[in-house]
Amino acid sequence: MAANALGRHLALAGFMGARKTTLGRDAARLLGRPFVDLDAAIQQHSGSTIAELFERGEGAFREIEERVAGEVLASPVPAVIALGGGAVLSEATRALLRERALTVLLDVDVDTAWGRVGGSRRPLADDRESFGRLYAERKPVYEEVADARTTETEGIVLAAGGVRVETGSLQRLGELVPGDGPVEVVSDARVAGIHGMDAQLALGARARATHELAPGEQAKTVESIEALW
């Protein structure tokens with residue numbers, strides 16, 4: 001599991017209607033990175049629209065998608081990449097994501113997704129029943145590739161820096177903190193009183209020490225870091 005997107009691509013995965021392009025463009029602006037919409041790159045590469053490519057057969061489209069995804073992920077310049085909904089079906093693409101990117105899953109439930117794109121010109125969004133089946137089929141693959149998950153731009157930016165904001169993340173702290181070396185926990189007294197024991201239990205034998213800082217903005221200084229060092 002990738003810990004952050006420092007020096008790596010930041011890839012956004014998710015079903016149709018998850019707003020990968022919209023949120024990805026916003027996240028790229030905030031992070032000062034180039035933005036790549038994979039579907040747009042495919043259209044530029046092929047000279048055809050996504051709908052036209054699908055008319056020639058989904059298999060042929062997936063081959064082009066895999067090839068273009070490989071080219072985008074091979075770039076040495078870290079970018080924010082909005083993947084097509086089915087891009088992660090390719091094992092080759094999943095391998096490249098593990099190697100070269102932090103992948104953030106943009107969560108969306110099937111009803112919300114259908115409300116956003118159902119009945120549109122998208123090739124796989126013209127029938128509610130088949131749309132629901134496709135959602136169920138792809139969900140395990142999205143879960144497999146996800147290094148983090150969110151529903152909003154702020155969550156994408158936090159994930160890029162290795163900050164996790166999701167239900168249950170405290171209980172998974174031992175899994176989420178990279179490596180297997182000792183860990184020291186830093187918080188203010190109020191947070192430590194509420195969550196400190198859970199954090200230590202989750203870290204287990206890795207929890208070596210705890211440190212308290214003053215509450216509020218006054219602790220967010222270089223001097224506080226120096227004191228910890």
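As the structure is a computational prediction, the values presented were derived from the model and not from experiment. Only heavy atoms go into these numbers, but all of them, side chains included; no hydrogens, no water, no symmetry mates.
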**Student:** CG of L228 to CG of L213: how many Å apart, nearest 0.5 Å?
**Tutor:** 5.0 Å

**Student:** Quick check on the hydrophobic clustering: are L12 and L73 connected, directly or via other members, by side-chain heavy-atom contacts under 4.5 Å?
**Tutor:** no

**Student:** Treat each ILVMFWY residue as a node, draw an edge where side-chain heavy atoms are under 4.5 Å apart, and state whether Y135 and V88 are in one component.
**Tutor:** yes

**Student:** Measure the spacing between CG of D107 and CZ of R149 and express it to the nearest 0.5 Å.
**Tutor:** 4.0 Å

**Student:** With side chains defined as the heavy atoms from C-beta onward, is the minimum distance between L106 and T150 less than 4.5 Å?
**Tutor:** yes

**Student:** Could you check if a side-chain atom of H9 sits within less than 4.5 angstrom of a side-chain atom of V36, using non-hydrogen atoms only?
**Tutor:** no

**Student:** Would L83 end up clustered with L105 when hydrophobic side chains under 4.5 Å apart are linked, directly or stepwise?
**Tutor:** yes

**Student:** Would a single hydrophobic cluster contain both L124 and L38, if residues Ile, Leu, Val, Met, Phe, Trp and Tyr are joined by side-chain heavy-atom contacts under 4.5 Å?
**Tutor:** yes

**Student:** For I50 and Q43, which heavy atoms make the closest approach, and how far apart are they?
**Tutor:** N-OE1, 3.1 Å

**Student:** Indicate yes or no for a side-chain donor-acceptor contact from S130 to the backbone of D127 under 3.5 Å, with no hydrogens or angles considered.
**Tutor:** yes

**Student:** Keeping R100 on the side-chain end and R8 on the backbone end, is there a donor-acceptor pair under 3.5 Å?
**Tutor:** no

**Student:** Does E58 pair with R62 as a salt bridge, N-O distance under 4.0 Å?
**Tutor:** yes

**Student:** Mind checking the NE2-CZ spacing from H195 to R190? Nearest 0.5 Å is all I need.
**Tutor:** 8.0 Å

**Student:** When hydrophobic residues are tied together by side-chain contacts of less than 4.5 Å, even through go-betweens, does L31 share a cluster with I81?
**Tutor:** no

**Student:** What distance do D198 atom CG and L170 atom CG have between them, rounded to the nearest 0.5 Å?
**Tutor:** 5.0 Å

**Student:** Counting heavy atoms not belonging to E143, are there more than 12 under 6.0 Å from its CD?
**Tutor:** yes

**Student:** Can you say whether the rings of F61 and F54 are parallel (under 30°), tilted (30 to 60°) or perpendicular (over 60°)?
**Tutor:** tilted

**Student:** Taking atom CD1 of I42 and atom CD1 of I64, what is their separation to the nearest 0.5 Å?
**Tutor:** 7.5 Å

**Student:** With a 4.5 Å heavy-atom cut-off, do E65 and H45 have their side chains touching?
**Tutor:** no

**Student:** Closer than 4.0 angstrom, basic N to acidic O: yes or no for D111 and R128?
**Tutor:** yes

**Student:** Search all heavy atoms of V68 against all heavy atoms of A41 and return the closest pair with its distance.
**Tutor:** CG1-CB, 3.9 Å

**Student:** Would you indicate whether E129, at its atom CD, is surrounded by more than 12 heavy atoms from other residues, nucleotides or ligands within a distance under 6.0 Å?
**Tutor:** no

**Student:** Any salt bridge linking R206 with E175? Criterion: basic side-chain nitrogen under 4.0 Å from a carboxylate oxygen.
**Tutor:** no

**Student:** Taking side chain as C-beta onward, heavy atoms only, is S48 less than 4.5 Å from R56?
**Tutor:** yes

**Student:** Find out whether R25 and R29 are in side-chain contact, i.e. whether some heavy atom of one side chain is under 4.5 Å from a heavy atom of the other.
**Tutor:** no

